[in-house]
Amino acid sequence: VSVPTGERVLEEAAGARQRCGNGGGSVPGTLLCTDRPLPTLPQAPGSRGLIHAEGEVALPCIHKLVAGNGDIFSKPKVLTAASTLKFIPEELAVFCRDFRLLHFYFPENGLAPQAFRVSQGGAEVLYSLWGTPRLWGSLTPHPWLPSQVANAIAQAREAAAWLGDTAEGPDGWSYPSEASPEEEEEEEGLSTTLLFESLRDWEKELQRLGAAGWRVSAVNERFDMAPSLPQYLWVPSGLLDHDLKRTFAHFQERRVPVSAWAGPGRVGGTGRGMWRHHPISLAAPVAAPWSCKVGAPGWEMEKDGGGWKGAPPHCLVPPEPSDRDLNCLLASLVQLLGDPHARSLPGFQSLVQREWVAAGHPFPRRLGLLCRDAPREEAPVFLLFLDCTWQLLWQFPADFGFTEAFLLALHDSSFSPYFSTFRFSCQRHQGTQGGLLGPCQPRPGLLLPGTAGPCIRLWHRCYLRGLPQEQVLGKLGPGGSALGGSRLGGPSLGGSQPVLLLGLGVRLDLTRVHPGNPVSVSSSRDRWMDGGR
Amino acid sequence: MRLGVAALPRNSSFRCLPAQDERWEPPPPPRAGAMLGGGARAAKPSFVSYISPEEIHIKEPIEKEVNPHLLPGELLLCEASTVYKYMQEDGSNRGTYGKLVCTNFKISFLDDDSASDDNEPQFKNKIVGENDITLQCVDQIYGVYDEKKKLLTGQLRKYPEKLIIYCKDLRVFNFCLRYTKEEEVKRIVSGIVHHSQTPKLLKRLFLFSYASAAPNNTDGRNQTVMFETLEDWRDELERTKGNVKYKAVTTNEGYRVSEKLPLYFVVPMCISEENILKYDGRGIPIWCWSCHNGAALLKMSAFPKEQDDSTSQTQKAFLDGIYKTISKPPYELLKVDDLSSSLPSLQDIQTAYTRFKQLFLIDNSTDFWATDVKWFSLLESTNWLEIIRRVLKKAIEVAECLEIQHTNVVLIEESATDLCCVISSLVQVMMDSYSRTKSGFQSLIQKEWVIGGHCFLDRCNHLHKSEKEEAPVFLLLLNCVWQLVQQYPPAFEFTETYLTVLSDSLYVPIFSTFFFNSQHQRDTNKSGESLKTQSGPFRFLTVWDWSVQFDPKAQAFLNNPLYAEKPKPDKSQRKTTRFKHQRQLSLPLTQAKPSTKRGFFREETDHLIKNILGKRIGKFINCSDEPPNSLREFYESWHSKPVDYHGLLLPRIDGPEIKVWAQRYLRWIPEAQLHGGGTIATAAKILDLMEEVQSLQVKMDEERSQAVSGDVHSVPMLRNSARLSSLFPFALLQRQSVKPALPTSTWKDLEDEDDLVKRDDEFVDLSGDML
């Protein structure tokens with residue numbers, strides 16, 4: 001079996017078949033459970049697709065493992081690391097957090113259960129199916145133990161979760177350990193994603209926003225003031241570090257109000273922390289930016305306040321014990337509406353980096369990646385944000401510099417253990433840009449999303465992608481329906497640029513355009529997702 | 001202008017509304033004789049003028065009588081002045097004074113200010129203006145008495161101070177009559193109610209006065225096949241290659257067979273004239289369309305349930321004979337589908353639509369936001385989308401029988417003019433790419449609906465004869481077709497705007513198309529009057545002549561610029577692909593296999609005949625031995641292949657794929673609009689790109705080609721305005737100033753008006769608390 005170098009196969013079962021769709025068809029292949037050391041992944045020759053290949057699923061992405069004996073959906077047996085099987089499983093279903101359902105069966109040999117311990121050596125374990133007949137043919141047959149694989153998967157999953165937990169501290173991914181030097185030296189400008197790990201990033205962003213009256217404070221550089229706040233903070237320039245230090249104690253988790261964003265020409269910001277409950281010395285400087293939060297008075301407040309289904313209005317946010325959930329959500333949404341730069345790909349990444357990663361959103365806990373955490377801690381706040389962003393994207397497809405595929409990739413990579421944050425996009429940009437970047441330069445101006453019921457849609461390419469009919473080639477997505485206007489015909493259209501992508505699933509294939517056929521539009525998520533292949 | 005811009009947000013997007021009672025209070029009318037000037041408006045603080053004072057003063061206060069624009073044959077019946085029309089959109093008391101008139105064609109509000117029509121919408125209907133409601137378009141009228149709404153029908157004893165008119169095209173008009181003279185109120189209210197809500201004689205339809213008064217010279221033959229002549233039917237048979245096994249008959253000339261059947265229609269060759277005449281055309285399979293593999297879609301009107309045993313025995317025997325004849329070679333196997341048992345009833349459809357349209361008939365913004373909280377559950381509870389889904393599913397079933405199982409399908413219904421029309425039209429739209437062109441679609445409607453005998457008068461209740469007969473069957477078809485249009489835009493030559501406009505035309509009584517129950521009714525009424533008038537028989541307009549309603553510029557909105565036209569030189573190629581398709585999907589056309597099946601079928605027929613005696617004619621006969629999930633397989637295998645926009649087209653019918661036809665249903669609701677967004681933004685972008693490509697091409701070919709198409713500048717509307725409404729082109733009919741997109745640059749203007757900003761900040765909190 002050819003696995004990328006540096007990757008070790010922990011367990012495997014050949015003679016497996018993966019079911020496709022409801023039609024009863026299946027693909028033969030080998031089921032593998034591997035470990036894959038983190039650093040090699042982006043360059044790994046075997047890395048297919050954007051995040052993962054069709055038959056691949058990262059262990060943290062597994063929601064549920066179910067074994068069965070031909071009756072997997074009627075009498076499912078959920079597998080955990082501790083569970084031992086009392087029967088010989090012939091079928092294995094993997095329910096993924098990215099809404100895929102992988103369904104395997106072992107026609108030749110459903111074999112005896114046998115406990116199998118996975119060595120704890122690798123922090124990252126990858127489980128993959130090599131569904132191509134070519135690979136299958138190259139295998140040498142030996143007795144396969146599907147149940148071993150199942151157990152290995154279940155155990156490795158929990159091991160991965162624990163390891164991730166201990167290695168990265170209570171907040172898991174919150175503190176990307178250190179930025180690699182070459183990224184630091186990357187070309188500057190609007191096209192770079194700022195990781196907000198260095199003072200320079202914070203200063204650069206403040207400069208871009210032209211926010212006079214604010215400054216970057218390094219008061220928390222060693223995380224000694226507030227462990228969950230970023231190293232660097234934007235604070236009113238009138239406020240000295242000395243004063244700032246005194247106020248830390250007044251806030252829960254010592255999180256002081258800091259600025260999140262400044263509108264052009266006018267200083268604004270989103271208060272962090274429970275400032276309303278501590279109207280202390282800071283109240284004055286904080287209240288000011290709050291009341292004129294964005295330049296156009298209150299438009300966005302209104303939108304945020306009433307708009308987002310599911311997100312409580314900002315003014316009515318019940319006192320959050322920590323400000324790292326809904327505040328992240330609303331602060332980033334406001335910026336998406338008001339700041340065209342945030343609607344470009346690097347801008348959006350910087351935004352997530354600043355408002356979510358640096359601000360300390362507890363990703364693993366909220367996404368339920370840490371098994372020992374109480375389920376009550378689980379709340380898909382970040383996924384809610386992605387859905388909100390998708391709503392904006394479908395409402396304003398021409399205003400975004402990235403595509404739905406990007407959001408999907410981001411959605412799925414939330415469950416991938418490889419990426420501390422956006423490193424993947426920095427390094428993988430070259431190959432996949434075509435699929436992620438929209439053709440549109442975000443236009444200046446505010447976006448006013450429709451918040452009425454009819455304007456809110458189901459993100460079906462995300463949630464329904466497990467359904468066979470969603471995985472269709474050459475179908476026009478919802479973004480393609482249109483229009484008034486008159487026919488464009490006439491001269492033959494030939495283009496140097498073969499394919500243009502629009503924000504929402506519309507693909508304009510200019511190579512197919514010829515006189516009799518004014519234009520063909522087609523879209524396919526799968527094709528873009530294949531961008532890197 | 002600065003003042004205007006600064007003050008805008010307050011009225012538009014903030015939902016802080018004046019107190020309830022204040023809201024209903026219009027500002028006092030202008031002094032008699034004086035035109036409404038800027039002063040009058042500025043005096044009322046809740047008004048926001050979007051015109052700078054200078055602009056207003058330029059306008060001379062002209063004493064001018066506003067007169068309604070009357071069509072030929074249109075008579076002014078009553079009028080009332082100083083009527084105040086609220087602007088629906090923001091729920092405030094903004095509005096305009098004007099004159100409300102009622103003619104024998106429409107109810108019309110004449111804006112006192114309408115003299116300066118600089119805000120001319122680009123997509124304008126020439127017949128029905130922004131403030132016109134044709135009498136047939138009125139759905140319900142409510143009067144408001146002391147804040148209580150009451151439905152107005154028939155005789156009135158007390159006259160309301162406010163009038164709310166709900167239209168069938170989902171507009172809502174609010175008129176305040178407080179400042180109108182009492183006699184005028186009486187006259188206009190009873191006039192409107194009488195002319196739009198009480199039963200009417202057919203001859204009182206405006207259609208007739210218009211046809212006799214207007215010289216009809218719009219005889220330009222358009223490409224739509226009208227199916228009024230034998231020739232048309234023969235051509236259609238030839239086009240679909242159905243002429244081998246089916247024939248057009250003249251049996252119904254003089255309506256000898258039935259007044260419900262068209263003059264000419266098509267039946268299987270083997271059906272004799274006696275058979276057709278025997279039961280007034282009942283029990284006779286009537287041809288709708290032939291598939292490329294020879295399988296045909298037929299429809300049949302069922303026998304009514306008979307109490308008498310011997311009658312039903314003979315009917316049974318008759319049917320038995322018919323089935324036997326048409327299931328012999330050369331005819332294919334036969335499947336019978338009784339739509340009255342496999343689809344929702346007309347009552348269900350009517351109930352669902354009545355509930356559904358209530359979601360969009362919104363009095364004002366407050367009501368909208370109040371119901372919006374429950375939008376999804378309300379939508380679900382209407383069941384309308386589920387009905388659309390079931391109809392689409394049925395159409396897929398029929399398509400599978402024709403395409404894969406290679407069987408003839410007979411749709412059965414009591415009169416074969418309601419759900420039969422829906423299913424047969426849908427099947428043709430899905431299977432015949434000609435039906436996806438504009439003229440093809442129009443011919444289809446003509447064939448299946450207008451000539452086919454759909455009772456438009458009764459189903460739309462145009463004459464207010466009986467509410468029981470009302471059912472939005474044709475709208476159901478348009479809704480289903482819209483689903484296909486939005487799922488596969490490049491496959492259709494027309495746009496959703498076309499469908500919206502077509503649905504509106506249902507209520508414009510100058511076209512004969514949707515105002516008769518049958519061809520017979522039309523013919524008799526057309527000639528009956530002819531003796532009295534010198535001009536000869538009426539020459540009614542057909543709705544397919546779009547130039548009557550729209551000028552060429554507006555007509556452009558009906559054509560899909562992204563239509564993937566059939567490449568002409570590739571004709572031979574297409575045939576081969578079809579062949580391939582056939583080989584892959586259809587049963588082989590050998591004689592042997594079907595004959596074995598035929599034996600099987602006979603048993604089934606016997607079974608069927610046993611059933612007929614019992615209760616219903618023909619349940620769905622599963623004449624094949626295929627597993628029941630063959631339909632699912634067909635659906636999934638089709639969806640797993642790339643779409644051929646000129647081939648078979650199957651709608652996606654999984655829950656989230658069935659959507660609300662936003663353009664038709666939400667177009668008058670500004671809250672549901674996206675400025676600069678929605679699908680129209682994508683379309684605009686695509687057109688931009690295409691234009692750019694074209695212009696680059698032109699530059700490259702400059703020396704060579706001078707015959708570059710001039711079409712490039714026929715999309716200026718999409719190009720020039722940077723941010724269009726998602727409900728374009730309809731939203732343009734609304735006042736545009738409601739929710740402007742604020743460019744970032746205006747923030748700078750706000751800088752030096754700190755007090756304004758602060759005031760608006762107060763609104764911020766207010767709005768937050770209200771939510």
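Since we're looking at a predicted model, the values are computed, not measured. To find a chain, count down the sequence lines: A is the first, B the second, and so on, and within it residues start at 1.
- Taking every heavy atom of both residues into account, L674(B) and G450(A) meet most closely at CD2-N, 3.1 Å.
- In this structure Y665(B) satisfies the ring pair (Phe, Tyr, Trp, His ring centres under 6.0 Å) test together with F356(B), F360(B), sequence neighbours excluded.
- Y498(B) pairs by the ring pair (Phe, Tyr, Trp, His ring centres under 6.0 Å) definition with F494(B), W546(B), not counting sequence neighbours.
- Of all heavy-atom pairs between T451(A) and W369(B), the closest is OG1-CH2, 3.5 Å.
- When all heavy atoms are compared, the tightest approach of A452(A) to A672(B) is CB-CA, 4.4 Å.
- Minimum heavy-atom separation, P656(B) to L458(A): CB-CD2, 3.6 Å.
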